[in-house]
Protein chains: 2
Amino acid sequence: MKLLIIEDEPSLNKSIVDYLTDRQYLCESASTYADAIEKVECYQYDCIVLDIMLPDGNGLKLLQQIKANNKTEGIIIISARNELDDKVAGIELGADDYLTKPFHLPELAVRISAIIRRKNLQGSNLLLFEEIQMDVPGKAVTVNNKALLLTRKEYDLLLYFIINKNRVLSKNAIAEHLWGDDMDMVDNHDFLYTHVKNLRKKLLQAGAKDYIQSIYGIGYKFSIA
Amino acid sequence: MKLLIIEDEPSLNKSIVDYLTDRQYLCESASTYADAIEKVECYQYDCIVLDIMLPDGNGLKLLQQIKANNKTEGIIIISARNELDDKVAGIELGADDYLTKPFHLPELAVRISAIIRRKNLQGSNLLLFEEIQMDVPGKAVTVNNKALLLTRKEYDLLLYFIINKNRVLSKNAIAEHLWGDDMDMVDNHDFLYTHVKNLRKKLLQAGAKDYIQSIYGIGYKFSIA
DNA sequence: ATTAAAACTGAAGATTTGCTGAAGAACGCA
DNA sequence: TGCGTTCTTCAGCAAATCTTCAGTTTTAAT
């Protein structure tokens, strides 16, 4: 799961990123309005944590642009206690949740997880695709009710596939989601090839059909037949 | 076993915490509504002791929110004798027990233990998992009916494993439950490694199988096979 | 059919994570 | 206070995973 942390204070930004990275999220951070708007326009995230007060532009404007961009990301606003009006405005502009500073990191983590669950799993903990079942909070995968052990990258890959089932995914989009933007994936898709190969092998061995279809020149599509 | 004591009067709070800590509970305390709601949202407890009268908000509202949060914690309400209506309302809102001030600490301890027993042990005193048997009130463990001596951390760890059997537990979740929130576990899981190692060794020596499965990059799962 | 690009594969290093035993520190009890 | 137990720290080793790479197969277009 990929997050964007928009927060200008470096130490807070770092502690948020460290904490969430430790909990298996892939985090990217932005510290200015310009930085943030660029990342939001270029990449896709599962959830965005947005500090309303930014040095070079108002966070509400940023929020508006995110929403205008027709992005479906979940958004959590953080703000100081005396910026209550901004908070209310944020919710009206379509933020999914808010948090007042100072807050505790576990609480932020709980809310992120709740938003992601709401968005991708319709409130359930289980993701189903034919004979494959993913228990997301438990990070456990079963095929025909038999446990299947996946490595972290394999798990992330399968999760991304199932959430985006029946859609053609470019290799760059997948790579971006699994490794973030600091990775040099322009002319090297060997990572992906290897992990797709390993995931396919494990799924087949577990008795699932090969739902990972290669789309020549583009990427993959996860679907039946 | 991890408890949260919500009580605004410092001396009473401290004496409750001291008494229960002495009886091997891991206690955290909150003295205000805001403080309490935050802890409840971030952490997980086995039982919550809640004083209905709080300075900055009504305890009943807090109780309602705990229940709304879909938490499964047991809850004991404490209140002054003249707040009988609140007490009744509390039970109706889903509190598991109540106590009127002033009360004796041993009585509180008895009720906490009863709630935990009801919740985790379905009313029994024994927790069973294959050849392992835990007598919770007696803090005694047997494997194939032969006594097994565990240290406190080992005992707490095994108890947490068995209560959460078949679930993937992150190292952070385990650490939080065994050491509380004041511990700096971000990049140091050596505690856990050592205690898991010692617990495994003792269980194996006693003739039990190794039910503690390591989940690479995440934590552990306690289950058969 | 030929060809060049793209995709796949197995196996090798490199890296990260987990395990271990032993030593030092803290604790509880007499 | 002193003693034995338990808890924490640490450094070296082992294992799992990730990345790299060279060689092979597949694909689409000529």
Side-chain angles (χ1 to χ4, degrees), chain A residues 18 21-24 26 139 141 148-158 160-161 168-180 182-205 210-222, chain B residues 18 21-24 26 139 141 148-158 160 168-175 177-180 182-205 210-222:
Chain A
D18 286 352
T21 302
D22 197 53
R23 277 168 178 61
Q24 318 293 341
L26 178 68
K139 293 184 189 304
V141 181
L148 174 61
L149 262 85
L150 297 180
T151 70
R152 184 130 37 91
K153 283 277 183 275
E154 288 159 8
Y155 175 89
D156 289 345
L157 188 56
L158 180 60
Y160 190 60
F161 274 142
V168 174
L169 302 169
S170 76
K171 287 193 293 275
N172 279 318
I174 298 170
E176 222 160 64
H177 195 270
L178 263 71
W179 285 276
D182 49 22
M183 173 111 294
D184 176 30
M185 296 293 296
V186 181
D187 50 353
N188 185 357
H189 292 131
D190 285 350
F191 310 96
L192 245 191
Y193 290 147
T194 300
H195 289 292
V196 166
K197 173 191 61 178
N198 293 337
L199 179 58
R200 272 180 169 145
K201 190 197 276 181
K202 284 194 183 177
L203 285 173
L204 284 174
Q205 276 182 353
D210 185 8
Y211 300 111
I212 305 176
Q213 299 172 47
S214 302
I215 312 293
Y216 189 88
I218 302 181
Y220 298 93
K221 186 171 99 172
F222 196 87
Chain B
D18 286 351
T21 302
D22 199 48
R23 271 158 188 69
Q24 317 296 343
L26 179 67
K139 293 188 186 303
V141 181
L148 173 62
L149 260 83
L150 297 179
T151 70
R152 181 136 49 85
K153 282 280 182 274
E154 288 159 8
Y155 175 88
D156 288 346
L157 188 55
L158 181 59
Y160 191 59
V168 174
L169 302 171
S170 75
K171 287 189 294 262
N172 280 316
I174 299 170
H177 195 268
L178 263 70
W179 285 276
D182 50 21
M183 173 111 292
D184 177 30
M185 295 293 296
V186 180
D187 50 354
N188 185 359
H189 292 131
D190 286 350
F191 310 97
L192 246 191
Y193 289 148
T194 300
H195 288 294
V196 166
K197 174 191 62 177
N198 293 337
L199 179 57
R200 272 181 170 145
K201 191 197 277 182
K202 285 193 183 176
L203 284 172
L204 284 174
Q205 276 182 352
D210 185 8
Y211 299 113
I212 306 175
Q213 298 174 47
S214 302
I215 311 293
Y216 190 92
I218 300 179
Y220 298 93
K221 186 170 102 173
F222 195 88

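Chain naming here is simple, since letters A, B, ... match the order of the sequence lines and numbering starts at 1 in each.
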**Student:** How would nucleotides 20-30 of chain D be written as a contact map, 5' to 3', with B for base contact, S for sugar-phosphate-only contact and - for no contact, using protein heavy atoms under 4.0 Å?
**Tutor:** BB-----BS--
**Student:** Rounded to whole Å, please give me the gap between OH in B/Tyr220 and P in C/dG18.
**Tutor:** 7 Å
**Student:** Fit a plane to each ring of A/Tyr160 and A/His177, take the angle between them on a 0 to 90° scale, and name the class: parallel (under 30°), tilted (30 to 60°) or perpendicular (over 60°).
**Tutor:** parallel
**Student:** Quick one: is B/Thr151 getting a side-chain N or O under 4.0 Å of the D/dC7 phosphate, OP1 or OP2?
**Tutor:** yes
**Student:** Please report the interatomic distance NZ(B/Lys221) to NZ(A/Lys139), rounded to the nearest 0.5 Å.
**Tutor:** 14.0 Å
**Student:** Hey, which of these two, B/Gly217 or A/Gly219, hits DNA chain C nearer its 5' end, going by closest nucleotide?
**Tutor:** A/Gly219
**Student:** Please walk me through it: do A/Leu192 and A/Leu157 pass side chain to side chain contact (heavy atoms under 4.5 Å, CB included)?
**Tutor:** CA-CA 9 Å; A/Leu192 245 191; A/Leu157 188 56; 4.2 Å; yes
**Student:** With sequence neighbours excluded, what pairs up with A/Phe161 under the ring-ring contact (aromatic ring centres under 6.0 Å, His included) test?
**Tutor:** A/Phe222
**Student:** With respect to the phosphate group of C/dA7, does any side-chain polar atom (N or O) of A/Lys171 fall under 4.0 Å of OP1 or OP2?
**Tutor:** yes
**Student:** Let me know the distance between NE2 of B/His189 and C1' of C/dT16, rounded to the nearest Å.
**Tutor:** 14 Å
**Student:** If each of B/Ile218 and B/Lys201 is mapped to the nucleotide of DNA chain C with the nearest heavy atom, which maps nearer the 5' terminus, i.e. the 5' end?
**Tutor:** B/Ile218
**Student:** If you count heavy atoms of other groups shown closer than 6.0 angstrom to CG of A/Leu149, is the number above 12?
**Tutor:** no
**Student:** Would you say A/Trp179 reaches D/dC18's phosphate, i.e. side-chain N/O to OP1/OP2 under 4.0 Å?
**Tutor:** no
**Student:** Take the protein atom NE2 of B/His195 and the nucleotide atom P of C/dC19, then report the distance between them rounded to whole Å.
**Tutor:** 14 Å
**Student:** According to salt bridge (charged side-chain N to carboxylate O under 4.0 Å, His left out), who are the partners of A/Arg152, at least two apart in sequence or on a separate chain?
**Tutor:** none
**Student:** Could you tell me how far apart B/Arg152 (CZ) and C/dC27 (C1') are, to the nearest whole angstrom?
**Tutor:** 10 Å
**Student:** Applying side-chain hydrogen bond (donor to acceptor under 3.5 Å, both in side chains), can you list everything that pairs with A/Tyr211, at least two apart in sequence or on another chain?
**Tutor:** A/Glu131
**Student:** Would you say a side-chain N or O of A/Tyr193 is under 4.0 Å from OP1 or OP2 of C/dC8?
**Tutor:** no
**Student:** Please report the end-to-end axis angle for the helix from C/dA1-D/dT30 to C/dA30-D/dT1, five pairs per end, rounded to 10 degrees.
**Tutor:** 40°
**Student:** Could you state the atom-to-atom distance from CD of B/Glu154 to P of D/dT6 in whole Å?
**Tutor:** 8 Å
**Student:** B/Leu178 has an atom CG; how far is it from atom P of D/dT6, in whole Å?
**Tutor:** 16 Å
**Student:** Would you please name every residue forming a salt bridge (charged side-chain N to carboxylate O under 4.0 Å, His left out) with B/Arg200, sequence neighbours left out?
**Tutor:** B/Asp210
**Student:** When the distance from CZ of A/Arg200 to P of C/dA7 is rounded to whole Å, what number comes out?
**Tutor:** 11 Å
**Student:** Using the salt bridge (charged side-chain N to carboxylate O under 4.0 Å, His left out) rule, pick out the option among B/Lys197, B/Lys201, B/Lys202 that qualifies with B/Glu154.
**Tutor:** B/Lys202
**Student:** Expressed as a whole number of angstroms, how long is the span from B/Ile215:CD1 to D/dA16:C1'?
**Tutor:** 13 Å
